[in-house]
Undergrad: 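Pasting a structure here, questions to come.
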Amino acid sequence: MDFELTESQQNVRQLVHWLAKERIRPLSLQADRDHAWPNAFLLELKQMGVSQSASSANEGGADGPKQTSRSAVIGAEEMAWGDASLILTLPGPGLGGPPVRMTGTPEQKERFFAPFAKKDEVHWGAYALTEPAAGSDVAGIRTTAKKDGDAYVINGTKCYITNGARADWVVVFATVDPSKGRAGHRAFVVEKGTPGFSVGKIEEKMGLRASETAELVLEECRVPVDNLLGGEALYEKSDGFKTAMKTFDNTRPLVAAMAVGIGRAAFERARDFAKEAYVLSRPIPRYTSIRAMLGRMERRLEAARLLTWKAAAMADEGIPNTKEASMCKAFAAEVAQQVTIDAIEVMGAAGNHADAFVEKWFRDVKVYDIFEGTGQIQRIVIAKRLFETIRSF
Ligand SMILES: Cc1cc2nc3c(=O)[nH]c(=O)nc-3n(C[C@H](O)[C@H](O)[C@H](O)COP(=O)(O)OP(=O)(O)OC[C@H]3O[C@@H](n4cnc5c(N)ncnc54)[C@H](O)[C@@H]3O)c2cc1C
C-alpha cells in the first residue's frame, strides 16, 4: 500500500481542513448548544459544493461526484476535526445511500437520488435498522412487512435514526417472516408522507447533539412493491441481511476516520495548551508523564489512521474488507475515546470547561464506539474471521 497522498487527496485534505477551521469550528459550540445546525449554513455548504460526498465514497451520478474510499476517509477526518455532528447533518442520502447505491435497481437509484442533485434545496436520506429490542442483534428485528396486492404493509418502531425526522426517505429493514431469520429480511425505501409513517420522539443525547436522532413509527404503512430495494429477485437467498451488513463494510472506515478526526482535534488542543503553558512559565511540558501521554496519543492516532486507510484502500481495490473495516472502527473509537480523556487530563480544569471544545469532543466521541456496531460487536466480527482463517489451514 502506498502511503503517499496523491495530488487530488492532498487537495481534499487541504480544502476540507480550511473549511473545518475557518467555517465549521467557529459555529461548532453554538450548534451543540442549539442541538441543530442552521439550515441556511447547510444550504450554503451545499452551494459551495460541500455535501456528504466530501466524506463518503460513491460512484458519481446524482448523489455526488465520483470519489474513492481513500479520499472519503481523508475528507471525513478533516471534517470531524472541525465538527463531527456536521458530517452526519450534511444534506445527502446519509447511511441510506450505500444500500440504495449497492442494491437498488437503476430506476430506484434514479428516483431516490434525484432530490440530492437539486442545487438550491437541502434533502436527506436515512437508514433504519435499529429497534427498541434489536440493536447489536440486527438479525432479531421485529418490524414486519406483509405483502398485500401491490404493496407491503409495514408495522414496527425504529429508534436512534440519524436524520430520521428530516429525511425525504428512509431505508427501513423489516422481516416478511420472523421464523426465517435473516432470510426473511427485506429493505424498503419508505418515503416521507406515506400514510402510517410518522416521527416519534427526537432523542436527547450526551454527544453529537447537533445531529438529529429520531424514533420512527410505522403503523399499517403501505409501501409500494416498487420500493422494495433491488426488487423481489434480490431476496431469494438472504440478501436483505447482507444489504444491511454490506453498508457497514463501506461506512465503518468512514466512522473510524471521524473518530480519528475528533481524537486529533483533542490531541492538538492538549499539545498546544501544554506548549502555551510552558511559555506562561507553567511547568506542564517538563512532566515526564505528560510528555509520555502526548507521545502515546499521537502514536495511537497514527496507528488508527493507518488501519483506516488500509480498510479504505482495500475497498477501492475491490478486496473484501469486512475484518479490516471492523478493526479500524473498533481501534479508532477506542483510541479516540482515550485521547479525549487524556487531553482533558493534560489541560486540567481548562479541559473541563464548556468553551474549551475538549469537553464537547469527549462527549461526541463516545458514540463512535456505539453506532455502526459497538466495539464488542467489531471484536466478534474480527474473531469470526480469525477462526475462519484457522479452519482453512
Ligand atoms: C447517535 C446515534 C446515531 C445512530 N444512528 C443510527 C441510524 O442512523 N440507523 C440505525 O439503524 N441505528 C442507528 N443507531 C443505533 C446504533 O446502531 C445502536 O445503538 C447500536 O447498534 C447498538 O445497539 P443498542 O444501542 O441497542 O445496544 P445493545 O445491542 O443492546 O448493546 C448493549 C451492550 O451489549 C453489548 N453486546 C450486545 N450484543 C453483544 C454480544 N453478542 N456479545 C458481546 N456484547 C454484546 C454491546 O456491545 C453493548 O455494550 C444510532 C445510535 C446512536 C447513539
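Both ligands and their constituent atoms are indexed starting at 1 by order of listing. As the structure is a computational prediction, the values presented were derived from the model and not from experiment.
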Undergrad: Give the numbers and elements of all ligand 1 atoms closer than 4.0 Å to a heavy atom of K205.
TA: 1 (C)
Undergrad: Return yes if some donor-acceptor pair links the side-chain N/O of N352 with the main-chain N/O of I344 below 3.5 Å, else return no.
TA: no
Undergrad: Measure from atom 28 (P) of ligand 1 to every heavy atom in G140, G207, S136 and give the option owning the shortest one.
TA: S136
Undergrad: Starting from atom 16 (C) of ligand 1, what is the nearest protein heavy atom, named by residue and atom, and what distance separates them?
TA: T130 OG1, 3.8 Å
Undergrad: Minimum heavy-atom separation for N321 and P253, please, with both atom names.
TA: ND2-CG, 4.4 Å
Undergrad: Name the closest protein heavy atom to atom 1 (C) of ligand 1, giving the residue it belongs to and the distance to 0.1 Å.
TA: V367 CG2, 3.5 Å
Undergrad: Find out whether the Lys NZ or Arg CZ of R264 is both under 6.0 angstrom from the six-membered ring centre of W361 and within 45° of the ring's axis.
TA: no
Undergrad: Would you mind running through ligand 1 and noting each atom that sits below 4.0 Å from a heavy atom of I370?
TA: 19 (O), 20 (C)
Undergrad: Is the backbone N or O of G230 less than 3.5 Å from a side-chain atom of Q108, with the two atoms forming a donor-acceptor pair by type?
TA: yes
Undergrad: Considering only the protein, which heavy-atom contact is closest to atom 39 (C) of ligand 1, and what is its distance?
TA: I377 CD1, 3.8 Å
Undergrad: State the atoms of ligand 1, each with its element, that fall below the 4.0 Å cut-off from a heavy-atom position in I161.
TA: 7 (C), 8 (O), 9 (N), 10 (C), 11 (O)
Undergrad: Please say whether the positively charged group of R25, taken as NZ for Lys or CZ for Arg, lies over the ring of F357, i.e. under 6.0 angstrom from the six-membered ring centre and within 45 degrees of the axis.
TA: yes
Undergrad: Using distance alone, with no hydrogens and no angle criterion, decide if E215 and T157 have a side-chain donor and acceptor under 3.5 Å apart.
TA: no
Undergrad: So which protein heavy atom does atom 45 (C) of ligand 1 come closest to, and at what separation?
TA: Q376 CB, 4.2 Å
Undergrad: Strictly distance-based, threshold 3.5 Å: is any side-chain N or O of K205 a donor or acceptor partner for the main-chain N or O of S211?
TA: yes
Undergrad: With a cut-off of 4.0 Å, which atoms of ligand 1 are near a heavy atom of T374?
TA: 22 (C), 46 (C), 47 (O)
Undergrad: Identify the protein heavy atom lying closest to atom 26 (O) of ligand 1, giving its residue, its atom name and the separation to 0.1 Å.
TA: G135 CA, 3.2 Å
Undergrad: Is any side-chain N of the basic residue among E298 and R271 closer than 4.0 Å to the acidic one's carboxylate O?
TA: no
Undergrad: Where is the nearest protein heavy atom to atom 51 (C) of ligand 1: which residue, which atom, and how far?
TA: Y160 CB, 3.7 Å
Undergrad: State the atoms of ligand 1, each with its element, that fall below the 4.0 Å cut-off from a heavy-atom position in I380.
TA: 40 (C), 41 (N), 42 (N)
Undergrad: List in chain and number order the residues that pass side chain to side chain contact (heavy atoms under 4.5 Å, CB included) with D34, two or more places apart in sequence or in another chain; answer none if no residue qualifies.
TA: Q30
Undergrad: Looking at ligand 1, does any of its N/O atoms fall within less than 3.5 Å of an N/O of Y127?
TA: yes
Undergrad: Just to confirm my output: which protein heavy-atom neighbour is closest to atom 2 (C) of ligand 1, and how far is it?
TA: F371 CD2, 3.7 Å
Undergrad: Does any N/O atom on D137 come nearer than 3.5 Å to any N/O atom on ligand 1?
TA: no
Undergrad: Does one side chain, of S136 or Q376, offer a donor that lies under 3.5 Å from an acceptor on the other?
TA: no
